[in-house]
> 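Structure in structure tokens, see below.
Nothing fancy with the numbering, it's 1 onward along the sequence.
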Amino acid sequence: MASRVLAVDDNQINLKMISATLLHGGFEAYISESGADALSRVEQIKPDLIILDIDMPEMDGYQVCQTLRQRPTTRHIPIMMLTAHDTLEEKVRGFEVGADDYMTKPFQPAELQARIKGLLRRSALQVVPEKQNVDGKFISVFSLRGGVGVSTVATNLAAGLAQVWGKPVALVDMAFIMGQCALMLNLTLRNTWADLAKVNLNEIDSDLVQNVMMKHASGVSVLAAPRFSVDAELISPPVVEKVLGMLKKKFAYVVMDLPHDFSETTLMGIDQADELMLVLAPELASVRATVGSLETLNQLQFPAENVRLILNWVFEKRGLARKDIEKVVKHPLQLVVPFASETFVSSINLGIPPVINAPTSALGMLFEDMAYAFSREEDIDSIPTNPSPAWLRVNERSKQARKR
Ligand SMILES: Nc1ncnc2c1ncn2[C@@H]1O[C@H](COP(=O)(O)OP(=O)(O)OP(=O)(O)O)[C@@H](O)[C@H]1O
Ligand SMILES: [Mg+2]
């Protein structure tokens, strides 16, 4: 069946060109000459994608985009912005109001067609099929001190689990102020926690939660932090409690990127955790923060055997020695991540974590093995019928290690 595309532009000539391109590309074309008209007919047309001009009188493309994102019936439709101006500022603003892609006029018909196909392919990935309830494993990643690699570890763990098992994995950004999970996976902030916080608690069901999550090609579904810090205040503990409970039933793995505090919602993320990863850097302040965290966890009666320490070399030289750190924190280090600034800078800029971008590099293998080590016993104990390339690599490595 041909995909339905609605083009919105106040200029007749542009509309003619766009619809000719659409028809030629095998799409069903619908046109609208104003934002207001498009908004009044969109529910009827039910487009699979919308092309929006920015410069329009009365209601501009940003406003139309924002309104579409607010309506539950239209918030999932991919939006391509089309404009005559090619400035970074406009692009950023377009993405902020929830556009998925951006093209400048005049456009090449072949490029427009290709981009539309790309967007439609990605949006098809957004639909998570109904599944029976599962008993998911919760892994929370935490540090009281910032900048030590919590988000890096959480993102690579989630992507690694998805690659190894091919099972649904949720990555939940609990750093409601300026959380970076979506950015680390190069996902446009189409929906965030704020969309869940803005509806009544009793309207939150697992379909809504899954629709709000953004699906990454690796198989990870991301529940992203809000675009604006002010929205963080809307995310109340009852909302978090309800959402986390639902995620556990729908995802084989739920990985949480926790903020550097012991707020009520952070404590919920800790409380839910089957395993808690404490990330630290080899410097005094981070070691102190880890000792403090372990004390607090002890007071909270979080089982010490479920805590795993990950030492991350976020800087290059003169760090504290592993054995000295272990002596002070009185807990063994499970894993040491080496300093790798070039890999990480390019991975953030590209929005592709090393475990996906370079799975056979030293860092990629380390994160793949880490993901395997944190897997559910039932997964580790069963040999998959269709093992993934990642699973085969991990198993080959562990065979080699046993031989040694
Ligand atoms: N092993 C490493 N080697 C080099 N750079 C690293 C390493 N691990 C993480 N980084 C870099 O350190 C920075 C902080 O990492 P990240 O954002 O994951 O930390 P965080 O604890 O989540 O910080 P925040 O306080 O911002 O939430 C990032 O730029 C990341 O790329
Ligand atoms: Mg972070």
Side-chain angles (χ1 to χ4, degrees), residues 1-56 59-71 73-127 182 185-192 211 214-217 227 351:
M1 216 172 68
S3 296
R4 306 153 72 86
V5 180
L6 169 63
V8 191
D9 198 311
D10 59 314
N11 181 316
Q12 285 278 356
I13 297 168
N14 283 344
L15 277 181
K16 278 214 174 93
M17 270 167 38
I18 299 171
S19 54
T21 305
L22 289 173
L23 293 172
H24 195 248
F27 303 104
E28 244 179 68
Y30 297 82
I31 52 169
S32 196
E33 283 178 44
S34 73
D37 176 66
L39 288 174
S40 73
R41 294 197 296 133
V42 63
E43 266 106 355
Q44 220 181 309
I45 297 173
K46 294 195 177 61
D48 299 302
L49 183 142
I50 298 173
I51 298 176
L52 258 184
D53 179 35
I54 292 182
D55 279 331
M56 294 188 289
M59 199 184 227
D60 67 18
Y62 299 123
Q63 287 169 293
V64 180
C65 185
Q66 217 157 10
T67 312
L68 289 166
R69 286 292 172 251
Q70 278 158 6
R71 288 191 195 168
T73 47
T74 58
R75 67 158 59 114
H76 317 298
I77 304 173
I79 295 174
M80 154 97 72
M81 291 282 209
L82 210 53
T83 171
H85 319 281
D86 185 17
T87 63
L88 180 63
E89 203 183 328
E90 278 205 329
K91 266 188 208 169
V92 170
R93 180 141 182 236
F95 284 121
E96 269 177 359
V97 294
D100 297 278
D101 201 359
Y102 190 96
M103 248 182 91
T104 40
K105 293 186 282 196
F107 59 84
Q108 293 293 332
E111 189 186 352
L112 184 63
Q113 288 163 357
R115 295 253 208 136
I116 290 174
K117 281 183 192 149
L119 270 185
L120 288 170
R121 229 182 0 252
R122 270 187 272 158
S123 85
L125 283 172
Q126 309 266 339
V127 185
L185 290 171
N186 197 25
L187 290 166
T188 303
L189 279 182
R190 178 197 286 262
N191 298 119
T192 73
N211 274 331
M214 298 174 301
K215 193 128 195 308
H216 185 259
R227 198 171 293 128

> State whether the side chain of Arg115 and the backbone N or O of Tyr102 hold a donor-acceptor pair below 3.5 Å, judged by distance alone.
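Between the backbone of Tyr102 and the side chain of Arg115 there is a qualifying donor-acceptor contact (under 3.5 Å).
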> Which residues satisfy the side chain to side chain contact (heavy atoms under 4.5 Å, CB included) test with Gln63, sequence neighbours excluded?
Met59, Asp60
> Ignoring hydrogens, what is the shortest heavy-atom contact between Ser32 and Ala38? Give both atom names and the distance.
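Taking every non-hydrogen atom into account, OG-N, 3.1 Å.
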> Under 4.5 Å between any side-chain heavy atoms of Lys105 and Asp53, yes or no?
yes
> Apply salt bridge (charged side-chain N to carboxylate O under 4.0 Å, His left out) to Arg69 and list each qualifying residue two or more places apart in sequence or on a separate chain.
Asp100
> To the nearest 0.5 Å, how far apart are CE in Met214 and CG in Leu187?
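Nearest 0.5 Å value for the CE-CG distance: 5.0 Å.
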> Distance from Leu112 atom CG to Met103 atom CE, nearest 0.5 Å?
5.0 Å
> Let me confirm one number: the CD1-CG distance from Ile79 to Leu119, rounded to the nearest 0.5 Å.
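So the gap between those two atoms works out to 10.0 Å.
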> Kindly compute the distance separating CG (Asn11) from CG (Asp55), expressed to the nearest 0.5 Å.
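It is 11.0 Å, given to the nearest 0.5 Å.
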> Is Ser3 close to Leu49 at the side-chain level, that is, under 4.5 Å between some pair of heavy atoms?
no
> Hey, are the side chains of Val42 and Ile77 touching, using non-hydrogen atoms and a 4.5 Å cut-off?
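Sidechains of Ile77 and Val42: in contact.
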> Using side chain to side chain donor-acceptor pair (under 3.5 Å) as the criterion, list what pairs up with Tyr62, not counting sequence neighbours.
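Partners of Tyr62 under the side chain to side chain donor-acceptor pair (under 3.5 Å) test: none.
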> Contact between Met56 and Val8 at the side-chain level, heavy atoms closer than 4.5 Å - yes or no?
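Heavy-atom side-chain distance check passes, below 4.5 Å.
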> Are Ile51 and Phe107 side-chain neighbours, meaning at least one heavy-atom pair lies under 4.5 Å?
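Side-chain contact under 4.5 Å: no.
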> So, for Met81 and Cys65, which heavy atoms are closest and what is the spacing to 0.1 Å?
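Shortest heavy-atom contact: CE-CB, 3.9 Å.
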> How long is the span from the NZ atom in Lys117 to the CG atom in Leu120, to the nearest 0.5 Å?
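Rounded to the nearest 0.5 Å, the NZ-CG separation comes to 9.5 Å.
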> Under 3.5 Å, sequence neighbours excluded: what are the donor-acceptor pairs made by side chains of residues 18-26?
| from | atom 1 | to | atom 2 | distance (Å) |
| --- | --- | --- | --- | --- |
| Ser19 | OG | Leu15 | O | 2.9 |
| Ser19 | OG | Lys16 | O | 3.3 |
| Thr21 | OG1 | Met17 | O | 2.8 |

> Search all heavy atoms of Gln12 against all heavy atoms of Glu33 and return the closest pair with its distance.
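Smallest heavy-atom distance, with atoms named: NE2-OE2, 2.7 Å.
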> Apply side chain to side chain donor-acceptor pair (under 3.5 Å) to Glu28 and list each qualifying residue two or more places apart in sequence or on a separate chain.
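Partners of Glu28 under the side chain to side chain donor-acceptor pair (under 3.5 Å) test: Arg4, Tyr30.
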> Taking only residues at least two apart or on different chains, which pairs with a member in residues 41-50 satisfy side chain to side chain donor-acceptor pair (under 3.5 Å)?
Asp37-Arg41, Glu43-Arg71, Glu43-Thr73
